[in-house]
Amino acid sequence: MYDFSILVLLENVTGLNPSYIPEAWFMLPYILLALTAPWEFRYLKAIEARRFLLLSFLLGLCTSFLLCRYGRYIYGHRLLYMVSCWFHFQFPFLLGMASARRGGPKDLISLLTDRVKAPVKSILYKSLPLLLFLIIIVRCVFTSSVLHSVYVFLFVMILVDLRLPDCVKRILAELGNRSVGMWFVHTSIGLYLFADCFNLLQYPLLIFIAVSFVSWMTSVGICFLCNYLINAAYLIYHRLSR
């Protein structure tokens with residue numbers, strides 16, 4: 001059931017409370033990150049990456065504590081919740097930003113550990129898969145999101161170094177390009193609208209593959225429609241501006 005009252009409609013359009021598509025909860029904090037990214041780029045140049053990332057990591061610890069301890073109150077006040085998420089996302093966002101500026105995750109780690117002696121650094125690199133495994137265990141056992149950004153960063157770094165067949169790379173690239181659309185529709189398709197149909201497959205792996213495939217097809221159609229509307233809007237704008 002969907003509530004189309006003016007207030008609820010505005011909350012969904014602005015992303016303040018996306019009740020129509022709950023999976024879009026991150027869009028407003030993401031927009032805030034995009035708006036403040038130029039300012040953060042300038043500060044990342046002016047301040048040592050170590051200090052900037054350490055500060056954002058400590059900020060993430062604070063927001064994790066607040067969301068864990070006072071989550072019910074914060075979530076009930078949507079504007080406060082979105083601002084909290086905006087601060088909470090700073091550390092992974094800045095990790096990605098610094099990695100892109102340095103040429104990749106490994107180059108960033110080299111920068112952060114340039115004062116570490118070579119033998120210790122070699123041992124550190126060799127122990128990264130074990131460290132990732134331990135972080136995965138901790139991430140599964142504890143509900144706190146404190147280590148989630150570190151886990152994702154190490155996972156991406158190890159994944160980048162894997163030698164994958166070209167067909168697998170193309171599949172992953174295609175899924176990456178469609179990931180936002182797939183994320184927005186997968187719950188509605190697999191849980192709300194067609195759950196009975198997918199559950200006929202019985203096995204979780206088959207259900208996962210089927211929901212992913214249908215979500216991918218839906219995302220392709222959504223992207224085609226969005227590109228068509230964007231091109232039409234540009235065409236109308238240029239004709240009106242003459």
Side-chain angles (χ1 to χ4, degrees), residues 1-42 56 59-60 62-64 66-68 70-97 100 145 148-149 152 174-195 197-198 211-242:
M1 301 298 294
Y2 293 94
D3 183 355
F4 292 104
S5 63
I6 297 298
L7 179 59
V8 174
L9 187 62
L10 287 175
E11 288 179 340
N12 278 272
V13 170
T14 59
L16 190 61
N17 187 16
S19 57
Y20 298 161
I21 307 177
E23 290 72 24
W25 64 271
F26 64 90
M27 287 301 296
L28 185 55
Y30 181 85
I31 292 171
L32 293 175
L33 284 173
L35 291 175
T36 55
W39 173 78
E40 292 176 348
F41 263 116
R42 289 195 294 270
S56 63
L59 182 63
C62 294
T63 53
S64 292
L66 291 174
L67 290 171
C68 179
Y70 307 106
R72 290 185 178 180
Y73 174 82
I74 295 175
Y75 187 80
H77 296 76
R78 298 299 298 179
L79 187 58
L80 178 60
Y81 174 70
M82 291 300 169
V83 173
S84 300
C85 289
W86 176 37
F87 284 111
H88 189 64
F89 291 166
Q90 290 295 329
F91 180 60
F93 182 75
L94 292 173
L95 269 179
M97 182 188 293
S145 60
H148 186 65
S149 299
V152 172
E174 173 62 18
L175 291 175
N177 291 331
R178 311 294 183 187
S179 60
V180 176
M182 292 175 66
W183 175 256
F184 283 165
V185 302
H186 80 281
T187 305
S188 297
I189 289 174
L191 190 61
Y192 301 150
L193 300 178
F194 308 109
C197 297
F198 288 111
V211 172
S212 298
F213 180 73
V214 175
S215 299
W216 170 76
M217 292 181 61
T218 306
S219 181
V220 170
I222 291 173
C223 289
F224 175 80
L225 179 61
C226 287
N227 290 332
Y228 180 82
L229 293 174
I230 290 171
N231 292 333
Y234 275 124
L235 181 62
I236 293 172
Y237 171 79
H238 286 302
R239 286 184 176 180
L240 293 176
S241 60
R242 289 179 181 177

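Counting begins at 1 with the first residue of the sequence.
Enclosure of atom OH in Y30 is not indicated, since only 12 or fewer non-hydrogen atoms of other residues, nucleotides or ligands lie within 6.0 angstrom. Residue-environment remark: CD1 (I6) stays at or below the threshold of 12 foreign heavy atoms within 6.0 Å.
Atom-to-atom distance recorded for L240:CG and I236:CD1 is 7.0 Å, nearest 0.5 angstrom. Atom CG in L33 sits 6.5 Å away from atom CD in E40 (nearest 0.5 Å). Between the CZ atom of F87 and the CG atom of L59 there is a distance of 6.5 Å, given to the nearest 0.5 Å. Going from atom CG of L10 over to atom OG of S5 covers 9.0 Å, rounded to the nearest 0.5 Å. Rounding to the nearest 0.5 Å places CG of L16 at 14.0 Å from CE of M27. A distance of 9.0 Å separates OG1 in T14 from CD1 in I31, rounded to the nearest 0.5 Å.
Residues V214 and F194 are not in side-chain contact: their nearest non-hydrogen atoms beyond the backbone lie 4.5 Å or more apart. W86 has its side chain out of reach of M82: every pair of non-hydrogen atoms, C-beta onward, lies at least 4.5 Å apart. Counting heavy atoms from C-beta outward, T187 and Y192 have side chains that approach closer than 4.5 Å. Contact check for H88 versus S64: side-chain heavy atoms found under the 4.5 Å cut-off.
Across all their heavy atoms, S84 and I74 have their closest contact at OG-CG2, 3.8 Å. Between A195 and L191, the shortest heavy-atom distance links the atoms CB-O, 3.5 Å. Of all non-hydrogen atoms in L28 and G15, the two that sit nearest each other are CB-O, 3.8 Å.
The ring pair (Phe, Tyr, Trp, His ring centres under 6.0 Å) contacts involving residues 211-242 comprise F213-W216, where partners must be two or more places apart or lie in separate chains.
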Scan the side chains in residues 177-184 for donor-acceptor partners under 3.5 Å anywhere in the protein, sequence neighbours excluded, and list what turns up.
unit_1	atom_1	unit_2	atom_2	d
N177	ND2	A173	O	3.2
R178	NE	E174	OE2	2.8
S179	OG	G176	O	2.9
W183	NE1	E23	O	2.8

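Judged purely by atom type and a 3.5 angstrom limit, S188 has no side-chain atom pairing as donor or acceptor with the backbone of V185. Within the 3.5 Å criterion, the main-chain N or O of S215 finds no donor-acceptor partner in the side chain of S219.
The cationic group of R78 lies under 6.0 Å from the six-membered ring centre of Y75 and within 45° of the ring axis, placing it in a cation-pi geometry.
Partners of Y20 under the ring-ring contact (aromatic ring centres under 6.0 Å, His included) rule, at least two apart in sequence or in another chain, are Y2, F4. Residues satisfying the side-chain contact (heavy atoms from CB on, under 4.5 Å) test with S19, not counting sequence neighbours, are V8, N12. With sequence neighbours left out, the ring-ring contact (aromatic ring centres under 6.0 Å, His included) criterion links W25 to F89. Partners of F93 by ring-ring contact (aromatic ring centres under 6.0 Å, His included), not counting sequence neighbours: none found.
Proximity of the aromatic rings of Y73 and H77 is defined here by a centroid distance below 6.0 angstrom, and this criterion is met.
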